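Input: a single structure, listed below in structure tokens.
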Amino acid sequence: RPELGHALPDFLVIGAMKAGTTFLFAALAAHPHVIRSRRREIHFFGSRYRRGPSWYRTHFPTGIELRRYRAITGEGSTSYLANPDSPARIRSVLPNIRMIALLRDPVDRAISNYFHEQRTGRETLPIVEAFAADGRPGHLAYQRRGLYAEQLNRYYSLFPRDQLLVLKSETLFAEPKRMIDRVYRFLDLDPELGAGDYTPRNLGGYDPSQVPGSVYEELTLYYAPHNERLYEMMGEDWGWRRPG
């Protein structure tokens, strides 16, 4: 690590969107040996890549700061998991980076994403119409963000598996201390010095009564084969919704 100038990150929280990344990043930033990026979501390896690594470095502490506190630094941009260009860009700048991906049941993730966009005013269509128009020109993409096996495969083709920790969001919500301690160990941080407050927040909940049953049925059918590929990739059945 250079003694002078801003450092590059030691870790990235790469997504998925609406899967608990805000909570996880806050827990990491609370560790005394982590100095977080100036903003959580920089999106450098997505929409801001043309600004170059020198611009990216300005979001992180200096090498001197990190040495003083024996700390690491990182950021969390939820666009990196779904963006097909991000893995190769990350490898070109940060070949030894450690990454954490949180994966939430893609049906819940897509619906939560819809209501988030509706609250911000970016989504004006009713939910059935929004999903029918999903990903078309001029419309937001919800469903493709849940094709996790396809997304992870792009990373596994470029990075050793031990550089990417993949966690199930539902387990993080149910057992936050155990899962966050696992992330600390992955980053060579002492869990005994950890966050203290392990209360999940900003989980992107929604009222199921606002969602027609047909939306659940269609999304469940859509994701079923993709989920099975993910289970095979992870060597574990994560038990997400199945048709019927």
Side-chain angles (χ1 to χ4, degrees), residues 11-25 27 76-88 90-91 97-116 131 134-135 141-187 200 203-206 208 211 213-244:
F11 69 87
L12 299 173
V13 179
I14 61 173
M17 185 183 288
K18 310 309 295 178
T21 55
T22 301
F23 167 53
L24 175 62
F25 191 76
S77 296
T78 55
S79 61
Y80 295 164
L81 185 62
N83 187 324
D85 297 322
S86 293
I90 293 170
R91 189 175 186 276
I97 192 74
R98 283 178 282 187
M99 297 167 284
I100 303 108
L102 283 170
L103 308 184
R104 179 182 181 183
D105 181 327
V107 174
D108 288 334
R109 197 224 65 79
I111 295 171
S112 177
N113 196 171
Y114 166 81
F115 283 109
H116 172 78
F131 283 122
D134 188 279
Y142 301 106
Q143 295 180 67
R144 291 202 61 80
R145 288 184 177 274
L147 304 184
Y148 303 134
E150 173 186 300
Q151 295 162 9
L152 289 175
N153 194 53
R154 291 196 286 261
Y155 279 89
Y156 288 142
S157 69
L158 295 174
F159 293 94
R161 282 206 171 211
D162 61 5
Q163 284 182 231
L164 177 59
L165 178 63
V166 181
L167 301 176
K168 182 181 175 183
S169 297
E170 290 83 0
T171 309
L172 173 68
F173 302 156
E175 304 174 66
K177 186 178 188 307
R178 182 173 74 85
M179 298 302 282
I180 290 168
D181 284 356
R182 185 176 170 190
V183 176
Y184 286 150
R185 287 190 292 270
F186 174 68
L187 297 176
L203 301 184
Y206 61 89
V211 183
S214 62
V215 171
Y216 286 107
E217 291 168 12
E218 290 174 16
L219 288 176
T220 300
L221 281 169
Y222 174 77
Y223 285 121
H226 301 285
N227 288 346
E228 292 301 325
R229 282 196 284 277
L230 176 70
Y231 302 157
E232 185 177 346
M233 183 180 286
M234 294 292 100
E236 181 182 0
D237 185 335
W238 285 10
W240 288 333
R241 285 183 180 83
R242 284 188 166 86

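Residue indices begin at 1 and follow the sequence shown. Keep in mind the model is a prediction, meaning the values are calculated, not measured.
Under the ring-ring contact (aromatic ring centres under 6.0 Å, His included) criterion, Tyr148 pairs with Trp240, not counting sequence neighbours. Listed by chain and number, the residues in a side chain to side chain contact (heavy atoms under 4.5 Å, CB included) with Glu228 are Tyr231, Arg242 (sequence neighbours excluded). In this structure, the ring-ring contact (aromatic ring centres under 6.0 Å, His included) partners of Tyr222, at least two apart in sequence or on a different chain, are His226. Evaluation of the salt bridge (Lys or Arg N to Asp or Glu O under 4.0 Å) rule for Asp105 yields Arg241 as partners, not counting sequence neighbours. Take His116 and apply the ring-ring contact (aromatic ring centres under 6.0 Å, His included) test, not counting sequence neighbours, and it matches no residue. Residues passing the side chain to side chain contact (heavy atoms under 4.5 Å, CB included) test with Leu158 are Pro87, Ala88, Arg91, sequence neighbours excluded. Not counting sequence neighbours, the partners of Glu175 by the salt bridge (Lys or Arg N to Asp or Glu O under 4.0 Å) test are Arg178. With sequence neighbours excluded, the residues that form a side chain to side chain contact (heavy atoms under 4.5 Å, CB included) with Pro243 are Thr220, Leu221, Ala224. Evaluation of the side-chain hydrogen bond (donor to acceptor under 3.5 Å, both in side chains) rule for Arg182 yields no partner, not counting sequence neighbours. With sequence neighbours excluded, the residues forming a side chain to side chain contact (heavy atoms under 4.5 Å, CB included) with Asp134 are Phe131, Ala141, Tyr142, Gln143, listed by chain and number. Residues meeting the ring-ring contact (aromatic ring centres under 6.0 Å, His included) test with Phe159, sequence neighbours left out: none.
Distance CG/Leu219 to CG/Asp108: 9.5 Å, rounded to 0.5 Å. Here CD1 of Ile111 is found 4.5 Å from OH of Tyr216. Values are rounded to the nearest 0.5 Å.
Annotation: side chain of Leu164 is not in contact with side chain of Ile100 (no heavy-atom distance under 4.5 Å). Side-chain atoms of Val13 and Val183, non-hydrogen and from C-beta on, never get closer than 4.5 Å to each other. A heavy-atom distance below 4.5 Å is not found between the side chains of Ile14 and Leu102. Proximity of Pro106 to Asn227: side-chain heavy atoms (C-beta onward) are separated by under 4.5 Å at one or more points. In this structure, the side chains of Leu167 and Met179 come closer than 4.5 Å at one or more pairs of heavy atoms. Contact of the Tyr80 side chain with the Asn83 side chain is not registered, since no non-hydrogen atoms from C-beta on lie closer than 4.5 Å. Met233 places a side-chain heavy atom less than 4.5 Å from the side chain of Leu152.
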Met99/Phe11 under side-chain contact (heavy atoms from CB on, under 4.5 Å): CA gap, chis, key distance, verdict: CA-CA 6 Å; Met99 297 167 284; Phe11 69 87; over 6 Å; no

Check against side-chain contact (heavy atoms from CB on, under 4.5 Å), Leu147 and Leu230: CA-CA 9 Å; Leu147 304 184; Leu230 176 70; over 6 Å; no

Val211 vs Phe115, side-chain contact (heavy atoms from CB on, under 4.5 Å): CA-CA, chis, key distance, verdict: CA-CA 10 Å; Val211 183; Phe115 283 109; 3.7 Å; yes

Residues Phe23, Ile180; criterion side-chain contact (heavy atoms from CB on, under 4.5 Å); working and verdict: CA-CA 10 Å; Phe23 167 53; Ile180 290 168; 3.6 Å; yes

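With respect to the salt-bridge test (charged N to carboxylate O, under 4.0 angstrom), the residues Arg229 and Glu150 do not qualify.
A donor-acceptor pair under 3.5 Å is absent between the side-chain atoms of Thr78 and the main chain of Met17, judged by distance alone. With Gln163 contributing its side chain and Arg98 its backbone, the two residues share no donor-acceptor pair below 3.5 Å.
Tyr155 and Ser86 make their closest contact through OH-CB, 3.8 Å (heavy atoms, listed as atom of the first residue, atom of the second, distance). Nearest heavy-atom pair, Arg109 versus Gly146, reported as atom, atom and distance to 0.1 Å: NE-N, 4.3 Å. Summarising the geometry of Arg154 relative to Ala82, their closest heavy-atom pair is NH2-O, 3.2 Å, with the distance given to 0.1 Å. The two residues Lys18 and Asn113 make their nearest non-hydrogen contact at CG-CA, 3.9 Å.
Applying the salt bridge (charged side-chain N to carboxylate O under 4.0 Å, His left out) definition to pairs two or more places apart or across chains, none involves residues 157-172.
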